[in-house]
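Single-structure report; data block below.
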Amino acid sequence: MIYKIFPAVLLLFLSSHSRNTNLSVLKSTSKKEVACAINLNTDSGILLVYNSLHSNQFDLPKLKSFTEALKGFYLLKERGLIKKDILTLVDFSLSSNTKRLWVIDLATNTILYHSLVAHGRNTGEEFANSFSNADHSFKSSLGFYATGEIYNGKHGMSLKLDGLEKGINDKARERGVVMHPANYVSSAFIKMNKRLGRSQGCPAIPEELSKEIINTIKNKSCLFIYYPSENFKEISNLIS
């Protein structure tokens, strides 16, 4: 299966194979031709994307979580379940006291945001370790989501989420699992409580970044919530 190569990666790949290639040649080379030379759904292809990320002085996500996220992104994009070249990765293997959410523009291979993000109150204390798709569980759900529409709720400007994995997160909209701002997602809260605040299962984000992040990822971009012990056996099980 051939996957789309995004402009930043395309230029990197071509330039690495021709030291004398000029910009006009790069622009005239079709993505289809280059895609025939490299399949991004391989470890080497994904590593190429990872190594070409523009960090904007942010820390990079772990390669393992990024690999899982990118594989799912390509599949969802091919199936038309997401429309934007924006990938939001949440790594719940990390402490909630660290920034574990990344918003990445795959059209330019640029990390746009790196942020704190909360997990559900019954998912764990400082570390996430228990997940659920059940209503009233107050637990986070893992896996791939398509972002939905913006609405104004009790937390202010918030973002609907549609879970794309049967039995894993497909009850997200029914449960009211959304992305929203929260004052307990802050360094100040961590300092006072020794851990980040927790939600009722929503990936809550800092108030000061919420509008920017939500406006960037709204309307059919890919959100992936990762945890290593809950890796999904087949990404092809995504709802089609």
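The figures here come from the full heavy-atom set of this structure, side chains too, leaving out hydrogens, waters and symmetry mates.
- Shown here is Lys171, whose NZ atom has no more than 12 heavy atoms of other residues, nucleotides or ligands within 6.0 Å.
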**Report entry** Steps toward salt bridge (Lys or Arg N to Asp or Glu O under 4.0 Å) verdict (Lys71, Glu78)
**Finding:** CA-CA 11 Å; Lys71 285 180 178 179; Glu78 183 172 283; over 6 Å; no
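- A donor-acceptor contact closer than 3.5 angstrom is absent between the side chains of Thr147 and Lys220.
- In this structure, Glu212 does not pair ionically with Lys218, as no charged nitrogen and carboxylate oxygen lie closer than 4.0 Å.
- For Asp105 (side chain) and Ala107 (main-chain N/O), a donor-acceptor pair under 3.5 Å exists by modelled atom type.
- Tyr151 and Leu223 sit in two unconnected hydrophobic clusters of ILVMFWY residues. Membership requires side-chain heavy atoms under 4.5 Å apart, directly or through other members.
- With rounding to the nearest 0.5 Å, the separation of CG in Leu47 from OG1 in Thr67 is 8.0 Å.
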Donor-acceptor pairs under 3.5 Å, side chain of residues 93-103 to any protein atom, not counting sequence neighbours: which ones?
{"unit_1": "Ser93", "atom_1": "OG", "unit_2": "Asp91", "atom_2": "OD1", "d": "2.6"}
{"unit_1": "Ser93", "atom_1": "OG", "unit_2": "Asp91", "atom_2": "OD2", "d": "3.3"}
{"unit_1": "Ser95", "atom_1": "OG", "unit_2": "Asn97", "atom_2": "N", "d": "3.0"}
{"unit_1": "Ser95", "atom_1": "OG", "unit_2": "Glu126", "atom_2": "OE2", "d": "2.6"}
{"unit_1": "Ser96", "atom_1": "OG", "unit_2": "Glu126", "atom_2": "O", "d": "2.8"}
{"unit_1": "Asn97", "atom_1": "OD1", "unit_2": "Leu196", "atom_2": "N", "d": "3.1"}
{"unit_1": "Asn97", "atom_1": "ND2", "unit_2": "Lys194", "atom_2": "O", "d": "3.2"}
{"unit_1": "Thr98", "atom_1": "OG1", "unit_2": "Ser95", "atom_2": "O", "d": "2.7"}
{"unit_1": "Arg100", "atom_1": "NE", "unit_2": "Val117", "atom_2": "O", "d": "3.1"}
{"unit_1": "Arg100", "atom_1": "NH1", "unit_2": "Leu94", "atom_2": "O", "d": "3.2"}
{"unit_1": "Arg100", "atom_1": "NH1", "unit_2": "His119", "atom_2": "ND1", "d": "3.4"}
{"unit_1": "Arg100", "atom_1": "NH2", "unit_2": "Val117", "atom_2": "O", "d": "2.9"}
{"unit_1": "Arg100", "atom_1": "NH2", "unit_2": "His119", "atom_2": "ND1", "d": "2.9"}
{"unit_1": "Trp102", "atom_1": "NE1", "unit_2": "Asp59", "atom_2": "O", "d": "2.7"}

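- Atom OH in Tyr145 sits 12.5 Å away from atom CG in Leu159 (nearest 0.5 Å).
- The closest side-chain heavy-atom distance from Ile213 to Ser115 is below 4.5 Å.
- Note on Met192: it does not cluster hydrophobically with Tyr184, by side-chain heavy-atom contacts below 4.5 Å among ILVMFWY residues.
- When each of Phe138, Tyr227, Tyr226 is checked for a ring-ring contact (aromatic ring centres under 6.0 Å, His included) with Phe131, only Tyr227 meets the rule.
- Remark: Phe189 CZ to Leu116 CG distance equals 12.0 Å, nearest 0.5 Å.
- The environment of Glu149 atom CD is dense: over 12 non-hydrogen atoms of other residues, nucleotides or ligands sit within 6.0 angstrom.
- A donor and an acceptor atom, one from each side chain of Asn109 and Ser52, are located under 3.5 Å apart.
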